[in-house]
Number of protein chains: 2
Amino acid sequence: MSRLEYDGRMSLRHAALGLLTLGPASGYDLLQTFNGSLANVWPATQSQLYGELGKLAEAGLVTVTEEGARRRKEYALTDAGLAELKHWLIEVEPTAVRRSDMLLRVFFLGVVEPAQADEFLRKREAGAAEYHDSLRATEEAIAPETADLAVYGRIALEWGLRFTAMQREWAAWAQEELARTLKSQPSG
Amino acid sequence: MSRLEYDGRMSLRHAALGLLTLGPASGYDLLQTFNGSLANVWPATQSQLYGELGKLAEAGLVTVTEEGARRRKEYALTDAGLAELKHWLIEVEPTAVRRSDMLLRVFFLGVVEPAQADEFLRKREAGAAEYHDSLRATEEAIAPETADLAVYGRIALEWGLRFTAMQREWAAWAQEELARTLKSQPSG
DNA sequence: CGAGCCATGTAAAGAGTTACATGATTGC
DNA sequence: GCAATCATGTAACTCTTTACATGGCTCG
């Protein structure tokens, strides 16, 4: 049981701990969740997850509760694991700055033709709209049976809906702004 | 001049190329920009940047145009570098899914007491408001002298303003939603 | 008995952070 | 001369992705 440095940077660790609060699960089980409901928030690969579960077990934050067929190992959260999860939830500040390669591109759109910049913005608008619709579909699929359950899941989903709406509106606005600027100063 | 694999994942590379479209600069110069106007979009460390400039030079996307005092090396974009930048801008799709450790925490807020979850949301609201104000201050500081210049910089800034406004509103809404849910079903 | 899913793992490389190290030049 | 700033670099580590490898179980 060796030490792990927990300084809050590593969220896959905490995602795994969080999922294990719902009950014991194997790496394979957890991977389904990462590819499913967590795909939009914190995607993870099989390789990374298995490695992390090994480290968590070694550090005593999870334990192997059962070894089943096909080498299946079922992991459960320990008290230390739950404590670490709560610590991360409440005491570690979420990352403030987030990299955006989309926005980075916007910064340099002056390098290409205005028509291409406009096309870029149109694609963002369409992409955001599409994403928004898929989230809306998700909401309608899960909402009925979980009326007052899963408050936090609904709150997270709402973030996605608002984010995609904001991005769509911004991209539409930016196209107008660009057109306006080019009109008044064609060398823009 | 060795080959570099450019599959669009690596944006620091393109951020450096983009900055060099504004004119030749040293690693040190570029670093000031990364810590300044690009800090909110694509932060970079000194270590990473110097390494990357070396690789870019080796790959022929930039060249050393001048060696000044204090070992200073000034880099300039090459035709190949500009072509790569344009390719990345227009033909490589921006990352769709972005990890959010903030949202990941929201997913697991059920693990802690509702009062702590509420405090978490209040902090998000306050943080977003503060961030929004600092962006607004930036806008007011740069807007006058750059009326019709730097369209794309203003468009990127607007994204930040809209994003922080959205996050503030969402966090406020989420607090109400949480209170509502707990009221109707105290075991939440 | 073979296709397909269940289940775990390793290896290698890319991308990013932190810490440390070094030396030159400018300005007081 | 000494402090601050300019300027570059290396080493070690963490996190993430992609690819490859292996084998067990189930069902038709």
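Here is the naming used below: chain letters follow the sequence lines, and residue numbers restart at 1 for every chain. All values derive from a computational prediction rather than experimental measurement. Values below: all heavy atoms of this structure, side chains included; hydrogens, waters and symmetry mates excluded.
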[N] OP1/OP2 closer than 4.0 Å to side-chain N/O of [X]:
X	N	value
A:R70	D:dC25	no
A:R72	C:dA7	yes
B:R13	C:dG14	no

Please state how far atom [atom1] in [X] lies from atom [atom2] in [N], giving the value in whole angstrom units.
X	N	atom1	atom2	result
B:Y50	D:dC6	OH	P	11 Å
B:Q46	D:dC6	CD	P	13 Å
B:Y28	D:dG9	OH	C1'	15 Å
A:L30	C:dA7	CG	C1'	13 Å
B:L49	D:dA7	CG	P	13 Å
B:K55	D:dT10	NZ	C1'	13 Å
A:Q48	D:dC20	CD	P	19 Å
A:D29	C:dT8	CG	C1'	13 Å

**Distance under 6.0 Å and angle within 45° of ring axis: A:R105 vs A:F108** =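 No, a cation-pi geometry is absent between A:R105 and A:F108.
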Please confirm whether any donor atom in the side chain of A:S47 sits under 3.5 Å from an acceptor in the base of D:dT16, or the reverse. no
Report task. With the side chain of B:R99 defined as its heavy atoms from C-beta on, choose the nearest nucleotide among D:dT8, C:dT8, D:dT16. Result ->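 For B:R99, the side-chain atoms sit closest to D:dT16.
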On DNA chain D, more 5' by nearest nucleotide between B:E74 and A:R71 is B:E74
**Request:** Using distance alone, with no hydrogens and no angle criterion, decide if A:H14 and A:E84 have a side-chain donor and acceptor under 3.5 Å apart.
**Result:** yes
* For the residue pair B:W170 and B:E125, confirm or rule out a side-chain donor-acceptor distance under 3.5 Å. =>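 There is no such pair (donor and acceptor under 3.5 Å, judged by atom type) between the side chains of B:W170 and B:E125.
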To the nearest 0.5 Å, atom OG of B:S11 lies from atom CG of A:L103 at 11.5 Å
Using a 3.5 Å cut-off and no angle test, enumerate the donor-acceptor pairs between side-chain atoms of residues 70-77 of chain B and protein atoms at least two apart in sequence or in another chain.
residue : atom : partner : partner atom : Å
B:R72   : NH1  : B:S26   : OG           : 3.3
B:R72   : NH2  : B:D29   : OD2          : 2.6
B:R72   : NH2  : B:E74   : OE2          : 3.4

